[in-house]
Each structure stands twice: as structure tokens, then as C-alpha cells.
2 protein chains.
Amino acid sequence: MTTLEKDKKIPQYRQLYEILRKHILEGIYKEGDLLPSENELCIIHSMTRPTVRQALSDLVNDGFIKKQKGKGSIVHQLPKGIGILSVAGTTSALSGQNLETRILVKPNVKQWADPFMFNLSEAEKNSGCIYMERLRLVNRKPLFYDITYIPNINLPRFTSRSFENKSLFDTLRGFYQIEVKGGEQKLRAIPANKEIGKYLEVPAGQPILHLERKIDTNRVGFCFYSSLYCNTEDHALFGIF
Amino acid sequence: MTTLEKDKKIPQYRQLYEILRKHILEGIYKEGDLLPSENELCIIHSMTRPTVRQALSDLVNDGFIKKQKGKGSIVHQLPKGIGILSVAGTTSALSGQNLETRILVKPNVKQWADPFMFNLSEAEKNSGCIYMERLRLVNRKPLFYDITYIPNINLPRFTSRSFENKSLFDTLRGFYQIEVKGGEQKLRAIPANKEIGKYLEVPAGQPILHLERKIDTNRVGFCFYSSLYCNTEDHALFGIF
DNA sequence: ATAAAAAACTTGTAAATACAAGTTAAAATA
DNA sequence: TATTTTAACTTGTATTTACAAGTTTTTTAT
């Protein structure tokens with residue numbers, strides 16, 4: 001095989017989800033619009049109602065539409081802030097904006113910090129972790145200071161890949177067939193220390209939002225971790241629930 | 001009729017959800033345990049697999065279990081922080097802990113603030129809002145300072161009800177059949193001002209987490225709003241996604 | 001005894017069907 | 001014309017069936 005990629009079948013409901021999501025993001029369906037009814041979507045895309053409903057259910061969970069019995073699927077107003085609180089990497093959360101990524105510390109293998117922000121399995125502890133520091137800028141202003149920890153398990157050539165202009169999520173999916181499934185996060189408001197203040201260009205002591213995240217994937221037992229410092233002075237973090 | 005309550009049929013999948021959720025919270029199923037398989041649940045509760053799967057799907061979305069193909073439904077580790085980021089009122093988010101609620105400003109009808117943190121419909125603007133301020137204490141320490149805004153639409157006797165030891169969500173459900181469906185929120189880290197500092201017993205300038213929330217309900221077009229100031233020094237906010 | 005193969009589980013995806021319940025638009029009635 | 005009723009839509013809930021795909025246990029063969 002010339003490539004590591006396996007051809008994985010994409011489920012029908014997922015394909016429909018992607019199509020509708022794209023159409024909403026492109027503005028083909030605008031805020032307040034009704035999507036075609038479930039029965040119409042069945043006919044258009046040659047699938048049955050349960051399949052269509054699964055796609056719509058995912059769109060509801062991700063905040064793109066809301067449903068009303070008797071009426072239809074209504075396109076939700078798109079988040080104006082930064083949608084990092086749901087399943088999304090920082091790159092996707094900031095899509096459409098003038099985004100720049102600066103690598104502060106290139107991916108390198110090291111030991112896990114002890115204690116670590118989440119409980120680690122023995123397998124994770126023994127394998128060590130790939131460590132990386134990145135800064136994300138929107139319109140030339142630094143917004144995120146992101147420290148990433150990835151277990152060093154079966155990820156050939158990972159440290160030599162570039163992340164300058166590519167999403168970590170895309171890299172994991174493209175080269176290793178790793179899909180993000182969900183995760184958990186802890187939030188705190190903390191004062192910026194000297195180092196964080198330097199990176200985010202704010203005075204020490206200024207309130208900063210700190211997210212500690214554990215991100216689950218489709219590979220059983222494989223999670224990765226992120227410690228994210230976010231300047232919310234200009235941009236609030238946005239989430240749906 | 002002597003009561004406002006209509007007898008609303010609770011769907012089977014919702015009943016199963018509540019049972020399993022309760023069992024997990026009570027520790028009958030512990031972290032890492034496998035729930036009975038879908039087919040077993042079908043037999044136990046006399047329902048079909050799609051119905052069971054809908055209940056399990058909701059449990060996944062709410063972070064109580066994760067599913068693994070070929071294996072089963074695994075009970076998730078329960079959040080140690082405060083699960084306010086998903087569908088939950090502060091009361092439910094703090095359940096099990098030594099919780100006290102102090103009413104700072106009793107419910108009273110007033111005009112909406114202008115500008116308001118979310119866009120309001122004309123119907124909402126015209127009706128005015130019910131305003132309330134509450135302080136939530138955990139183990140005698142104030143954690144949340146909560147300002148609630150509820151549109152004054154068809155909620156008889158609302159301002160005269162007590163919220164001392166009752167959840168707002170429970171009141172809305174019990175007296176008005178209003179169920180919380182979801183919502184959206186904006187998060188910021190801000191410095192405590194004098195007033196917030198006084199309530200949360202922290203020095204002015206200390207980083208505080210500010211949540212602005214719009215909460216959707218099953219009553220079409222009826223939302224309510226909350227501005228929540230949270231001291232995350234001791235307790236991080238916890239969320240799954 | 002060890003290793004490979006098969007069987008027996010598990011959840012994931014998908015179809016076809018039926019009726020309930022809420023909303024909207026058309027038709028009938030006053 | 002204005003109002004009420006009806007019909008035609010919409011999504012919500014639930015059953016039944018089938019097979020795919022991943023995991024674990026058992027059986028079989030070496």
C-alpha cells in the first residue's frame with residue numbers, strides 16, 4: 001500500500017449531515033429558514049426517514065438547527081463568538097476569520113507532567129507524550145495559547161509533520177484515521193501569569209479563561225489532551241447545550 | 001380542574017433514560033461498569049431496540065456513558081466539578097453537595113435592560129420581564145451570583161412563588177409544564193467588580209467566570225435568560241461535548 | 001499446551017411501517 | 001366577510017426486521 005489510509009465507508013446519515021452543515025455555513029439556508037421536510041429529504045437523497053432523522057439529530061446537537069413539532073427544522077442563528085466549547089478544534093472554531101497559527105514549541109516526545117490534569121492509564125504513562133505549544137491569532141491579535149499532549153502510541157512520523165497551517169484534527173484524521181468523538185473539559189477563570197501574559201499580550205493579572213480538555217477519539221483508549229488559555233476580552237467563547 | 005398540571009405522557013425512552021441516569025448517580029452502576037446490553041434492556045423493560053437506543057443516545061449526550069462497538073455501554077466517570085455547561089440549572093449541577101440558595105432580589109416585574117445580552121423578539125420586549133437575583137452557596141461559600149430574566153408571558157402568580165429551596169427548573173416544570181430543551185451560552189473571564197466581589201466574597205479584580213445564557217424551552221418562542229457570575233477558584237466548571 | 005478458527009456475543013447502520021401530536025393552509029359554514 | 005371546521009402537512013414515538021462490523025469467548029486443530 002502506498003498510503004496508510006484505509007477506505008472507510010461513510011454512513012449515509014453522516015453524508016447528509018455534512019451536506020446540510022455545509023449549506024448552512026455557506027448561507028444557502030439562512031437563519032430562520034426551514035430545511036426541507038424530513039420526507040422531502042428522504043426523496044431528495046434517496047434514504048429513509050430514520051436515516052434522515054439521525055442526520056438532523058446530529059445537526060441539532062451541534063447547534064445548527066432546532067426542530068419544532070408540526071413545523072420543521074429551523075436553521076439556528078450561527079454563533080458569533082468562538083465555538084470552542086463543542087466538538088471542534090481551535091482551527092474550525094475560528095473558521096472564516098483571519099486566523100494565524102504560530103508554533104511556539106515544535107512537537108517533541110517527553111514525559112507526562114506529574115501530576116497531570118486528567119487521570120492517565122498505565123499504557124499512556126509508559127508511552128510518554130508528544131508535546132506541542134501553539135499560539136492562535138485572529139486579526140493579528142493572539143487569542144489562544146494552546147498546549148497539546150498526545151500519547152506517543154503508534155503515530156509514525158508524527159513529530160516531523162507540520163502544523164503551521166493545518167488543523168491538528170485534520171492531520172490526525174488524514175494520516176491516522178483518528179476521528180474526534182467528544183470529550184470533557186474543565187473551565188476556570190485565572191489571572192494571567194507572566195508567561196501567559198507575554199504570549200497573549202495582556203498585562204499579568206488580567207482574567208484569562210483556562211480550559212483543560214480531554215478529547216476522545218474513535219481509536220479505543222486513545223485520547224489526547226489540551227490546556228488552553230484564552231483571552232476573552234474581545235471574543236466570548238460560545239457554546240450550545 | 002384544581003390544578004394547572006396536564007397529564008403529559010412521558011415517552012418510554014425518556015422513562016428508561018431517567019431510570020438508568022438515577023442508577024448511575026446512585027452508584028448502582030459504577031464508573032467503568034457495563035450497562036446491560038441493548039437487547040437485555042429491551043427484554044427487561046419490554047421495549048424495542050430503537051427505543052432503548054434513543055435512551056442510551058441521550059445518556060451519551062449528557063455524558064453519563066460512552067458506547068463502544070462490539071463491547072457495550074460503559075459508565076463514564078462522573079464529573080467532579082460543576083456541570084453547569086450542559087442542560088442543568090445550578091441546583092441540579094450542584095446536586096449532592098451542601099447547597100444553599102439565598103434570594104438577593106425577589107422576583108419582580110420590570111423592563112428589559114437595553115441593550116440586552118441576547119436579541120429579544122418584539123413579543124418579549126413588550127411583555128416586560130420577571131427579574132430575580134440569587135446567590136448559591138456550597139459548603140457556606142458563595143459560588144454563583146445568578147441574575148435571571150424571564151419573559152412575563154402567561155405565568156400566573158409567578159412572582160409570588162418561593163425559590164428558596166426549590167429549583168427554578170422544577171418550578172417551571174411543575175406549575176407551567178415548561179421543560180428546558182437546550183440553549184446557548186457565552187463565556188468570559190472578567191475581573192470582579194465591587195458588587196460581584198461583595199456577593200462572592202472575593203477581592204475586586206479577581207478573575208471571575210461570566211456566563212450569559214439563553215435557555216430554550218418546549219413552549220414555542222418562550223426562552224429565559226441568565227447572567228451567571230461564578231467563582232472558579234475552588235471548583236472548576238465541568239462540561240462534556 | 002498453544003495457536004488459529006469459529007461461534008456467540010456486542011453496537012452500528014438502514015429500511016419499511018404505523019400512528020400520535022402539533023402546525024398550517026384550505027374548505028366549508030355562518 | 002369572518003369564523004369555524006376540516007384536511008393536509010409537519011415532527012415525535014414506537015415496532016419489526018435485517019445485516020454489517022467490532023469484541024469476546026468458545027471450540028477446534030496443530
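Below, chain A is the first sequence line, B the second, and so on; all start at residue 1.
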Novice: Taking the six-membered ring for Trp, are B:Tyr149 and B:Phe116 ring centroids under 6.0 Å apart?
Specialist: yes

Novice: Out of A:Asn218, A:Ile215, A:Leu168, which residue meets the side chain to side chain contact (heavy atoms under 4.5 Å, CB included) rule with A:Val180?
Specialist: A:Ile215

Novice: Nearest heavy-atom pair of A:Ser73 and A:Leu56: which atoms, and what distance?
Specialist: OG-CD1, 3.8 Å

Novice: Measure centre to centre between the rings of A:Trp112 and A:Tyr225, then say whether the value is under 6.0 Å.
Specialist: yes

Novice: For salt bridge (charged side-chain N to carboxylate O under 4.0 Å, His left out), just list the numbers for A:Arg21 and A:Glu26, CA-CA rounded to whole Å, side-chain angles, deciding distance to a tenth of an Å, and then say yes or no.
Specialist: CA-CA 9 Å; A:Arg21 180 182 187 276; A:Glu26 287 173 350; over 6 Å; no

Novice: For residues B:Glu133 and B:Tyr131, is any side-chain donor paired with an opposing acceptor at under 3.5 Å?
Specialist: yes

Novice: Starting from the first five and the last five pairs of the helix from C:dA1-D:dT30 to C:dA30-D:dT1, work out the angle between the resulting helix axes, to 10 degrees.
Specialist: 10°

Novice: Taking the six-membered ring of A:Tyr17 (Phe, Tyr or Trp), confirm whether the NZ or CZ of A:Lys22 is under 6.0 Å from its centre and within 45° of its axis.
Specialist: no

Novice: Could you write nucleotides 8-16 of chain D as a row of B, S and -, 5' to 3', where a protein heavy atom under 4.0 Å of any base atom gives B, of only sugar-phosphate atoms gives S, and otherwise -?
Specialist: --BBBBSBB

Novice: So, using side chain to side chain donor-acceptor pair (under 3.5 Å) as the criterion, who are the partners of A:Glu18 when residues are at least two apart?
Specialist: A:Arg14

Novice: For A:Glu179 and C:dG12, give me the distance from atom CD to atom P, rounded to whole Å.
Specialist: 15 Å

